[in-house]
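First the structure, which I've put down as structure tokens, then a few questions once you've had a look.
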Amino acid sequence: CALPISHTMKLLILTALLGAALARPGCVKRDWRNTEVASWPAGEGYIQDEGRVMMQYMKDAKEKLSAAHRQCIEDGSCPMPDSRKAAGCVDGSADGYPCRNIDLSSFTNFVDLGTTSMASGNDIWGWHDGDEDYAIMGCTTGSSFIRITDPENVEVLGFMPTHTSSSTWRDMKVVNDHAFIVSEASGHGMQVFDLTRLRGLSADSSRRFTADAHYPGVGNSHNIASNPETNTVFIIGATRTGSGITTCSGGIHMIDVSDPKNPRFDGCYSSDGYSHDIECVVYRGPDSRYTGREICWGYNENTLTLVDITDRSNPVQLSRTSYTGVRYTHQGWLSSDQRWALLDDELDEQYSTDKRTRTYIWDCEDLTNPRLVETFYHTSNSIDHNMYIYNRHNGDWVFQSNYESGLRLLHFDLESGKLTEYGYFDVFPSRTTANFEGTWSNYPFDLTNGAVALTSINYGFFMVTPDWAAIDAEVAAAQANC
């Protein structure tokens, strides 16, 4: 559906963007003061970085919601829920949280995470250290470090404040026992934290950590990805320039972290402009031409863009593909066989008469020609945000943080490319609409009893555990009826 904007205004916006691109190749003027929200037609070849308009719209909308939530807490209308222990999912509820086949293991509010009741939550990642598991959760004011070995009795070990100022956006990844943390906060750069410092610590949410190192090669950035197999982290979405800063036009800023406390700039990919998120892997999928190469799937605002970055000095774009219904290509994840990519678009639900969450399923058997083969429509009306895929004994499982409809657990059939939902846990029980509240992200990889670490924008940190016995029985029954 077209957005409520005149044809004349569309032409004015696209003309302004095109003029900026022609005046300065690879760049788009970023002046939003008099710019309305725009969309673009599907297909290749449209103006690089025109998605900046949509991104700025979303950032403004999220900042307004965050400010409203802080005001609500301040005037006493939105009391912070108490941290709490486990509750099973019974008759569709786990201690008041709507659910199906997923139990509440524990909840920790922002104060108990080491920040303030006025904070909000964002991204998360995990660290496995022998028999111990840890989560690093981003908040507006910094990052909380949590031992989650026992999902029902988590231990907050301390908090590391932001490098500069508070921000709604913070992201982190782990390579070589170190956490690498970025933020949209101005001048933030990348914090480096040695996670082995957490060994043996007792719970103390008042403990304050400082970074072990700092990488100043970017200022602000929206996201960070990693490939532990190549000892690399990738900063994406860096936009503000300055002395000593390399933005890579908001694309892929590569950093060698073989020596984690001495991160080293290792190259740029900027040919497709701004990347909102990426996943980079050593390729072992069906396209044998690229076996052993390091390939990135880029979710680049209006396209799925695949890039071979094996030669850091000469990245090669393999394909750049848009799709019908594109509004803001946000994030995605690869199947375990590296054939399929599941993609989420952060604005297609909000700017459509059909508000159902949708997931775009791509067949990437040919890396130079990925094909959108199906758009999966969920039963819930909400925006999708971050998803990850984890392979178990009965196939791939997709863990989607879908804002106001919560964590959604789906089975992905590697043969047919079909999705089926088997569970959910809603951390925002007051409503389910196509808006930017609820859950931001999750971490589902190799945790005790198949648990999932889950962030809430509004309330704090959840540990939830799928009832895998019940879910597996449902899957077996469904497969027997095929």
Side-chain angles (χ1 to χ4, degrees), residues 44 125 173-176 180 223-236 248 251-258 266-273 275-301 303-323 329-344 359-374 386-392 395-399 412-417 419 444-446:
E44 292 188 19
W125 206 247
K173 290 296 182 288
V174 172
V175 179
N176 289 332
F180 301 89
N223 233 324
I224 186 169
S226 64
N227 187 354
E229 195 169 355
T230 60
N231 296 306
T232 310
V233 296
F234 309 93
I235 291 177
I236 48 257
C248 300
I252 306 175
H253 180 118
M254 309 176 208
I255 305 171
D256 183 339
V257 293
S258 301
D266 204 26
C268 264
Y269 171 72
S270 58
S271 296
D272 195 31
S275 289
H276 186 275
D277 208 343
I278 63 172
E279 182 186 7
C280 300
V281 300
V282 174
Y283 186 70
R284 300 178 178 89
D287 193 338
S288 59
R289 294 172 296 174
Y290 299 99
T291 299
R293 309 288 293 178
E294 188 167 14
I295 309 296
C296 295
W297 273 250
Y299 302 90
N300 288 11
E301 300 195 304
T303 61
L304 172 65
T305 300
L306 275 61
V307 185
D308 184 339
I309 63 162
T310 309
D311 181 351
R312 299 287 197 257
S313 65
N314 185 34
V316 177
Q317 182 174 291
L318 304 180
S319 57
R320 179 181 184 271
T321 314
S322 192
Y323 51 96
T329 310
H330 173 263
Q331 188 260 359
W333 208 253
L334 282 176
S335 61
S336 60
D337 61 2
Q338 297 183 350
R339 173 183 174 182
W340 308 92
L342 274 58
L343 177 152
D344 69 73
T359 301
Y360 298 89
I361 303 171
W362 295 76
D363 187 338
C364 300
E365 191 169 23
D366 178 352
L367 298 187
T368 63
N369 185 33
R371 297 180 299 112
L372 176 62
V373 294
E374 184 177 346
N386 288 326
M387 77 171 96
Y388 302 100
I389 298 176
Y390 177 58
N391 183 261
R392 298 179 64 245
D396 278 6
W397 288 88
V398 185
F399 300 78
F412 182 68
D413 189 289
L414 290 168
E415 294 299 320
S416 66
L419 280 169
F445 302 106
D446 295 314

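Computed from a predicted structure; not experimentally measured.
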Point to revise | Minimum heavy-atom distance P370-S319, with the two atoms named | key: CD-OG, 3.4 Å
Review point. Taking only residues two or more places apart in sequence or in another chain, which ones pass salt bridge (Lys or Arg N to Asp or Glu O under 4.0 Å) with E279?
Key: none
Practice item. Let me see the working for I295 and I309 under side-chain contact (heavy atoms from CB on, under 4.5 Å), right down to the final yes or no. Key: CA-CA 6 Å; I295 309 296; I309 63 162; over 6 Å; no
**Study point:** Passing option when I236 is tested against I224, N300, I278 for side chain to side chain contact (heavy atoms under 4.5 Å, CB included)
**Key:** I278
Point to revise | Between CE on residue M254 and CG on residue N227, distance to nearest 0.5 Å | key: 12.0 Å
Exercise for review: Take D287 and R289 through the test salt bridge (Lys or Arg N to Asp or Glu O under 4.0 Å) and record every step on the way to the result.
Suggested key: CA-CA 6 Å; D287 193 338; R289 294 172 296 174; 2.7 Å; yes
Check your understanding: For Y283 and C364, which heavy atoms make the closest approach, and how far apart are they?
Key -> OH-O, 4.3 Å
**Study point:** Under 3.5 Å: donor-acceptor pair, side chain of N176, backbone of V257
**Key:** yes
Revision key, fill the gap. Between Y299 and A341 the two heavy atoms that sit nearest each other are OH-CB, 4.0 Å
Point to revise | Main-chain N/O of M387 paired to Q331 side chain as donor or acceptor, under 3.5 Å | key: yes
Review point. Which atoms form the tightest heavy-atom contact between E415 and D413, and what is the distance?
Key: N-OD1, 2.9 Å
Exercise for review: Starting from the C-alpha separation in whole Å, work towards a yes-or-no answer on side-chain contact (heavy atoms from CB on, under 4.5 Å) for L419 and V398.
Suggested key: CA-CA 9 Å; L419 280 169; V398 185; 3.8 Å; yes
**Study point:** Any N231 side-chain heavy atom under 4.5 Å of V175 side chain
**Key:** yes
Revision key, fill the gap. Residues passing the salt bridge (Lys or Arg N to Asp or Glu O under 4.0 Å) test with R293, sequence neighbours excluded, are D308
Review point. So how far is it from L343 CG to T321 OG1, rounded to the nearest 0.5 Å?
Key: 11.0 Å
Review point. Okay, side chain of T232, backbone of D256: is any donor-acceptor separation there less than 3.5 Å?
Key: no
Check your understanding: How are the rings of W362 and Y323 set relative to one another: parallel (under 30°), tilted (30 to 60°) or perpendicular (over 60°)?
Key -> perpendicular
Review point. Quick one: CG on L334 to CD1 on I389, what's the gap to the nearest 0.5 Å?
Key: 7.0 Å
Exercise for review: Could you check whether the rings of Y390 and F445 sit parallel, tilted or perpendicular, using 30° and 60° as the cut-offs?
Suggested key: perpendicular
Exercise for review: Would you sort out whether E294 and R312 count as a salt bridge (Lys or Arg N to Asp or Glu O under 4.0 Å), showing the intermediate values?
Suggested key: CA-CA 10 Å; E294 188 167 14; R312 299 287 197 257; 2.7 Å; yes
Point to revise | Minimum side-chain heavy-atom gap N386-F399 below 4.5 Å | key: no
Exercise for review: Please answer whether the main-chain N or O of L414 pairs with a side-chain N or O of W340 as donor and acceptor at a distance below 3.5 Å.
Suggested key: yes
Check your understanding: Taking K173 for the side chain and S226 for the main chain, is one N or O donor matched with an acceptor at less than 3.5 Å?
Key -> no
Review point. How long is the gap from OH on Y360 to CG on L304, to the nearest 0.5 Å?
Key: 13.0 Å
Exercise for review: Supply the atom-to-atom distance I361 CD1 to R371 CZ, rounded to the nearest 0.5 angstrom.
Suggested key: 12.5 Å
**Study point:** pair Q317-Y269: side-chain heavy atoms closer than 4.5 Å
**Key:** yes
Point to revise | Residue pair L306 / W297: nearest heavy atoms and the distance that separates them | key: CD1-CD1, 3.7 Å
Check your understanding: Quick check: does any side chain N or O of N223 sit under 3.5 Å from a backbone N or O of H276, one acting as donor and the other as acceptor?
Key -> yes
Practice item. Check whether any side-chain N or O of D396 sits under 3.5 Å from a backbone N or O of S336 as a donor-acceptor pair, and report yes or no. Key: yes
Check your understanding: What is the distance from atom CZ of R320 to atom OG1 of T305, rounded to the nearest 0.5 Å?
Key -> 5.5 Å
Review point. Parallel, tilted or perpendicular: which describes the rings of Y388 and W333, with under 30° parallel and over 60° perpendicular?
Key: perpendicular
Exercise for review: Grab the two heavy atoms, one from L367 and one from L318, that are nearest each other, plus how far apart they are.
Suggested key: O-CB, 4.0 Å
